[in-house]
Structure formats: structure tokens, C-alpha cells
J.: 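I have a structure I would like to understand better, so I am pasting it below and will then ask my questions one at a time.
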Amino acid sequence: MVKVLSKATNLNRKKSTKSINSVVSSTSTSESITSAPTPPQTPPINKVPTTNNTSVHNSAPSNGVSEDDKLVKSLLKQFKKLEIDLAKFNSKTNGTTKANILRATVLPFLRGLGNLDESLPVNSKVYKSLLNISTPVLLKWWATLLNNLVPKANQQSMVSSTDRNAYLECISRILSRRDWGYVEKESHEKYENLLIRTLDYSINKLQSMKIVPISISAFVGKVFAYSFFNIPNISNALLFLLNVKQYVLESNLSYFKDLIIDEILIDMLYDVFPSTTHYLIDFKGLPSLNEQQKTFINSITPPTHPVKGIQDPNGPWVRRWCNSDSDVFNSFFRHYVRILQNYLEPIPNIDSSILFHCPGFNVIISHICQIFQVSITRISNNNMNKLNNAPPNAFAGQQQSSRQHPPSLPPQSKGNSTPPALINVSKQNDIYYNSILKIFKTMRDIKYSKIEFSTSIISFMDNLFISIAKDISIYDHSKNGLLLNVVYEFINHVSGEVNWEFWLGCVYMMLNNTDHIQIVLKNLAFLFNVWGSIPECLSDTAGNEIHLAWLVDLNESFKLNFINWLISNEVWERFFVHWNPMIRSFYLRLIIWRVIGINNFESSISYHTTKRVEDKLQKSYARLSEFNNQNIATNFNFKADNPLVNRKFGIQPIHTNDEFILVNDQDVSSSLTKPSEIRKTHPFEIFDEAIYSCSSLPGSPKIDSGTSQVVGKSSRNNSLVSSLGKLFKILSIDEKVGNSRIDNNLLTSQRNSVSLTSLSTTFSIKSKSSSPSIMSFKSTPTSFTEVSTNSSSSKSDSETSSVQTDSTELSELVIPNPPELYKIPPEIVRPAFKFGIIIDHDSINEKYMVVNNHNRKFFERSRKINNMPLLPKIPCISIFLNSDPYDKFYITNEDLLINDPSNEYLNNEIDLFSNIANSSNKIKWLNLGKSLNEWNLISEEFENYLIKKIKTDQFNFISNLNGNGNGKNSIDEEISEQDYLKRITPFLPVDGSNESKILNAG
């Protein structure tokens, strides 16, 4: 067997053939396995099961060529082609031509071909041979790309802003290959040197750019993450600049004090992580500091010597790295987690304890905790100061201006009278809201990626909010309401994977121990909005603590335990006859829309819950009838109250220019929603701009995953991309493409918008894939193709380039899209409607008539109106989705409750309202009558809204199936019943001036 080929970078075609035969022969004859030594400082290492070389792809076809031989030959051909294209790349002088070579050769290779360790056992000789061939080629490409991005002195870079991302994507994919963990020491030193140069380039971009685009931030964050583990002292410098104080680190250490591991696991962490980060394993900060010093001193000591790759440790880039809403930090954290996953593969059963002791993890978590604490505190303080210092009509003018003017225009430019101080406060709050939301989006990406310990990281974030909540008094209505809004958005991003026992316990404490109107309203609204996310699971915690007093029966789910408390006699009597009509309205809507809800007979638990509520209503009505008969002469007026003076609740579509947006800046009331188009930015990766010209367009062909061919609905002579040149061009939407039908559909979809004036104009369609539909094109020209592409605006318009490629090579060229685009987390399903406070014209007219009518008989007649409520009815709505597209929705409102006077629940409600039976205070009896009337109105609203909504959606669905629906010729027929019900259930805000930005998370 021929020895490892160490001089692969200078191979010619004759030597290449000899190399291929040598490596192929090693796969056929070698039966032994030699362990490859691990370098002292390496990128993440795979855990590969021990196996012989012949055990992988061992089956050989009849012609005598094994699968291993084919694989190795294919890999060698591709690396050889990369080497040849490197010489071609260096020979070109035109920037666009060079970028097109990257798009034609390097990027398809890096996107489509995985690391070698995924194809071959890392401890085999053939793998080491291939590494010695591949690493010199990749290192040369990396160095060449950097030299083009960073020209020599007194020279101008030939890389335009349009082509720069193609260079950066190549570099990011090369530096993150896991094969670098198995290379020899000399190659790893070259890897480290190039990584230092890349780090220096990244910091210079942060220094020089006035506005850093999110693509550059994603690239820089990725470079920071890999430098953190592979370059000495970089981890120290980056963590020091996060400025995590010692007291914050110790407070988190004390809060997570149960996360301890034994010495064996500590030794394993030392074995798997590089020596550059060993000082951060089980890190506890600085010792021997007094309490005052802990408040001001950084928990990380500053670097004692200059750090390679960081020339200016005090430049503007520091702020862009450690700022609370830093895109660079979020990209770094995302890649840091991915690298941890790779390092921890040899350790089985990764849990929160092991994760917490990984290098730098507790410092990074403490930094995130600081972001949460500072953001919540400052937003709360700003809101309080804004309310205290605002002129009487400041907010009225602000709300009126926001309705009259588009959101893209500054309010002050249209004559808004809002003081500049209030505008500055809102801008400051936006920064703090964004800092929280960016971390939530990072957590959502981690949750939907293949990270083994993603649940543990979500638990860490949840525990950070729990620690914040424990430090807030239940009477601090400003911080409590803000924290509930933040937690609500966190629940949306992580699909409800939070500590529900604690958060339900918080709601219990605030509802049970305070009568503050805002606190009660915000907690009832929080329950209403998160009710569908509360899981039906058992608890293993006894309710012996104060905040768990509602948790009585451990044999039942904690959701049912909370329901039992929520409709208990004590809570029912308190909120059902509450003096504030707004609280009564919130409580009744919570019971009707959520506790009873839709499909309230699908299980025995929901049936019994509905039955209990009905029995309470009947007993309440019986009590009121007895009282009314005994006081018939008093003539009480039990007319339902409005929640506010001359205002009532109405179900409204959520507009994009309203105080909050729930569905990604899109018109949520359009009758049928299609899968989201690909976004032109990715928060954690950098992509060549050319991929966005190949995004999914209306009427575009689909991909056959088996052949990577474009498969259209019908045969087309004109392709969307008719040549390789058009593929490389940065297409704009307005550019004409080959297929006129695609253009027409695209223009139609852009012009189409549905007015948000009706209640029933949308439903959710679940896409067949959670990611956008991306096209991969295969060019098959029959002759030489000349590619001419315009450079960016900085280049001359007359500058053109031509790339001549052999027709055989072009016929085999497949340009794959970045695999990350197929792993985008699904969009958050949000309500499309909300309960809004609207003007009650009937109430205004009635009062107007009372004021202007001088006839005393009118007053006498109005005083004799009793308005005794009708017997309250339980709303019974069941909605199901059928497989028949022309009869997709099924709804019924049949009453399935059995009226049994001897029901066991009715006997348990004998003492209901007994405490006011002999009371001389008539106010609660009056409120009881009003509440029963309000119950009937809300029940009617509940049924009428859903029935109208289903009918409209069924009509729109059939119209779109027939091609008559708003220009959409085809739709996805697969609808998620759960998502659909979540969309049509309205959102319950506290008031019109609630914390809008946290609800604005797209």
C-alpha cells in the first residue's frame, strides 16, 4: 500500500491518476486500523464507532469495484478539480469572473459535499490519506480568498460588495469543517494562522463599517466562535469584553448550585476540550473579593499579553460585540452551541450539569441574564417615567397619529404633537425589546436544530426568567406585566417548553394576593393567551409551598388542578361579581373561550369541566332569582355593563400598522396564506447573494430530491434560468425572466392585498415543509457558454467577463442551495384577530337621549326596566377538519350536556354565594345579575364569531381550489387543525397601550 500522499498540492494529471490508484488500493487491501493522533488544539471531533475499513460499503459489485473505490475516486476527482480551478481563479483579473468561479466550483463543493469524517472512518489509513490531499487544497483556497478580500498596501480590492458574500461563505464553510480536528500538527498550525488572519479581517470590518449588515454579523460571530476554541487567549479576551460582573456570575452559580458533576466527568471535559479553554472548565470567577468589589470587578481577568488577531482591544468593534442587542453575539452563541455539540459527542447522556461546566458556558449564560435584567428594569422604569411625565393629551395624540400615518414614516414628520422625550423613551425601549427578542430567535433556532441538549439550554433560559421573577414583588405591577409579556413571547418561541408549575404558581400568587386592577387584568390576559400551550401532564411536586397551593391532586394534570382552582367557589364568587366590569369581562372570556373552549366534549375531562361550569351558572342564576323575587319592589337594573365608559369589546383583525404585529409584517387577514418566501438574510450564516435569485417564486418548478433535477408541472421550453450566466446574475424582481406566466403570477401576488375590514378572512395553511421551497438548477448547454455579469456600482459598467467552460463539465454541474435554508425553524403560529376596545355607539346615543330628554316620564320608564337575565347557556362549539377539500370544515353547536338535577357537581355548589345571601349590601347582587347578562352576550359572541369564521373560510378555501381566490391558482391542502384553531382564537391584550414591541416578534 502506497504511503500517504503529502505533496498533493503539486499534482499533475499523471500523478493524480497514480494517487487515485494508491488510495483506492488502500481501501481494498487494508485490514488494520491505526488510530490517528489528536492534536492538542483541535476543532470539534466526531465520535466514530470502531470498525474495519472493509466494513463500510463492503459490498462489491460484479465488476470488482467496491463502493469504497467509487467514493474515494469521486472525492479525489473533486479535490483535484478544486486545485485546477484555484489556478484558473488566480489567473483571472476581473472580480466578477473570479466570483463566478467560486459560484460554479467551490460553493457547490462546500455546500453539497459533507466532511470526510461523515463518509469514512476517521481512524482508517484511507481517511488520513485523503486528509493529506484535501487540507493543502482547502488551505490554499482559504489563503487566496483572504488575499483577495484584504489587498496589499496602496491597492484596491477587486471584490465588490455584491460578490463579497460569496468569498465569505467559502471561508466560513472551510474554517468550520470538522476534518480539521484530525489533521497533523503542521496542517493545524496553518489552520490556526489562517483563522487568526480571518479574525483580524472580521474585527476590521466591524471597525470600518458604519452599518454592519446582518450577514456580516453572522460571519463575524461564526469566526469568533471557532476562534474561541482554537486560538490561544481569544476566549479570555472575548469573555472579558462581555463585562460579566463577579456578583452576577456568583448569583447564577448559587441559583444553579444543584448542577454538580463528579471528578470523572470533569476529567472527561478536560479530555474533549482543547487546552486553550481548560481554565474555563468549572469556572467560578475571581476568588477573594469583598461584596463591594464583586459589584464592580469583572469576573474574567484581562489578557496579560497582546492577543493574536485583535490589534485594537478598545475599538468600536467592542461595542458591536458586547452590546445587549448584538447580532454578532447571537451568531457567536449559536455557533458556540453547535461546537459544544461536536466536542461533547464522546460523552453520553449530556444534561444541564455537564453543560453548565463546559468552557465559558456559565459566563455566557450570566451575560444573557444581565441582558434580561437590564432590559426589563429599564423598560419598566421608562414606562413609569413616561406615564408620570407625559402631558395629559400626549398619548392620545400619539395613538391618533399612529393610526393616521404609515408606520414607515416618523410620527413627528407628520405634525405629531408627541414630546421628543417620549419618542426617545420609545426608541430606547425598542433597543431593549430587540435584545430580548434576538436571543429568543436564537433559542428557537437551537430548538429546531439537531442539538442533543437543546432542551437543557431552553431550561437555562427559563430559569433565568424564574430567578428574575423571584426578585420582583407581586405588587410591582409594571415589572410583573412586562415580565409576563416577555414570558409569553418566550413560550411562543420555544413551543411551551417552560416550567409551567412555576409560572402558573406566579399567576396564582398575583391573583390570590392582590386586587390591583392592572395586575389582575394582565394575569387573566396572560392565562387567556397561553392557555393552548399549557400541556396536559402530571406533576411530581406536592402543593405544600405557597405558590403551589392550587396543586392539590397529583393524580391529575397541573392544568386540571389550576382549572379546579380557577372555577372554585372562592374564585368564582370573587371575579364573577367583581365590582370592575373590565375584570368581569376578562374572567368570563377566559372561562368561555379557554376553560370551556372549542371541542369541549372531546374528552371526559373537558366534559366534566364544562358540566361543572354549567352547574355553577345554574346555581348562580337560582340564587339571583331567589333574591329578585324577595326584592321585587326594589326594581334592580341588571343590564350588562360596558368594560369602559362608552366602550365595548369587539373582535378585530390585527393590522400591520396597529400597536403590535403578530405575523411577520404580513397582511394576516388575506384569505389564504402561502409558505413564507425565503428571506434575504440569515442571522447565523452568510450566503452568497446569488442564491436569492433562485428562491421560490409563484409558479416555480419543484425539486425531485432523488435526482436534484428541476421537475415542473408541465414541460417547459423556457427555463427560469436559461444559461449559467443568468444563474450567476443577481436578479431583481423587476427583471424579466424566461417564463411570462411566472412573471404574471409574481406581479399578481405582489399587488394582491385584502382589506382588513371583516372578521372572517383568513385561516392557516400548514406547509408540507417547514422551510421555504428553494430551487436547484442544473445547467445543460450544448456549446461553450459565455458568461457576462455586471459588477457592483463601484465597478465600471463597461467591465465584463467571460468564462469558458467545457460542455461536458457544464452538463454535470449542479448548484446546490445552502443546506441551512432547508432547516429554517417554522414560523410561529399567532392569532390573526384580537379583542379590541371599540366605541359603543348605542351607549353614547342612549346617554345623549337621557341628557337631552326633559320628559320626566322617560326617566320613570327607564327606571322600571329590570333586565332580569335569561337562564345562562353553555356555548357548545366543535370544529373539525375533514379530508374532503370541498367540505374541509365541520362545525356544530349542538348542546350535548345532560341536564341532571341530581348531578354530583350541583350538590357541591350548595354554598355558592351563601356569604352574600344575608348581606345588606345589594351591590354584589346587582353585579351578579349584570355578570349573568354579560355571560350571555359573550357566549353569543363566541358562537356567532366562530360560525361566521368557518363559513367564510370554507367559501374561500373552495374558491382557491377552483382558482378563483384572489389570484392564487393553487394552495396547499394540508391544514393543521391545531394551528388553525390557534389562529382563529383572538388575542386578548390588556389595553391599547400595552407593551407592544414584545408582541411584535416576527
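FYI, the numbering just counts along the sequence from 1. Reckoned from all heavy atoms, side chains included, excluding hydrogens, waters and symmetry mates.
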J.: Side chain of Trp141, backbone of Val106: donor and acceptor closer than 3.5 Å?
T.: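 Answer holds: no.
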J.: Please tabulate, for side-chain N and O atoms in residues 203-211, each donor-acceptor pair with protein atoms closer than 3.5 Å (sequence neighbours left out).
T.:
residue	atom	partner	partner atom	Å
Asn204	ND2	Asp200	O	3.2
Asn204	ND2	Asp200	OD2	3.4
Gln207	OE1	Trp317	N	3.0
Gln207	NE2	Asp312	OD2	3.3
Ser208	OG	Asn204	O	2.9

J.: Would you please indicate if the ring centroids of Phe109 and Phe79 are separated by under 6.0 Å?
T.: yes
J.: If a pair satisfies side-chain hydrogen bond (donor to acceptor under 3.5 Å, both in side chains) and one of its residues is in residues 360-369, list it, with sequence neighbours excluded.
T.: Asn252-Ser366
J.: Relative to each other, are the rings of Tyr279 and Phe283 parallel, tilted or perpendicular (30° and 60° limits)?
T.: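 Plane angle over 60°, so perpendicular.
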J.: Once you measure the plane-to-plane angle for His278 and Tyr270, does it fall in the parallel (<30°), tilted (30-60°) or perpendicular (>60°) bin?
T.: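 Rings of His278 and Tyr270: perpendicular, as their planes differ by over 60°.
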J.: Using the test side-chain contact (heavy atoms from CB on, under 4.5 Å), find all partners of Thr144 that sit at least two apart in sequence or belong to another chain.
T.: Leu86, Phe89, Asn90, Asn148
J.: Any chance the side chains of Arg338 and Ser449 put a donor and an acceptor closer than 3.5 Å?
T.: no
J.: Minimum heavy-atom separation for Val159 and Leu149, please, with both atom names.
T.: CG1-CD2, 4.0 Å
J.: Classify the ring geometry between Phe229 and Tyr336 as parallel (under 30°), tilted (30 to 60°) or perpendicular (over 60°).
T.: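 If you compare the ring of Phe229 with that of Tyr336, the planes turn out parallel.
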J.: List the residues meeting side chain to side chain donor-acceptor pair (under 3.5 Å) with Ser331, not counting sequence neighbours, and say none if there are none.
T.: none
J.: Applying side-chain contact (heavy atoms from CB on, under 4.5 Å), can you list everything that pairs with Glu820, at least two apart in sequence or on another chain?
T.: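 Glu820 satisfies side-chain contact (heavy atoms from CB on, under 4.5 Å) with Arg173, His682, Glu685, Phe687, Pro818 only.
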J.: Mind checking what makes side-chain contact (heavy atoms from CB on, under 4.5 Å) contact with Ser202, not counting sequence neighbours?
T.: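 Checked Ser202 against side-chain contact (heavy atoms from CB on, under 4.5 Å); matches are Thr198, Phe219, Val220, Val223.
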J.: Minimum heavy-atom separation for Val307 and Ala237, please, with both atom names.
T.: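 Where Val307 meets Ala237 most closely, the heavy atoms are CG2-CB, 4.3 Å.
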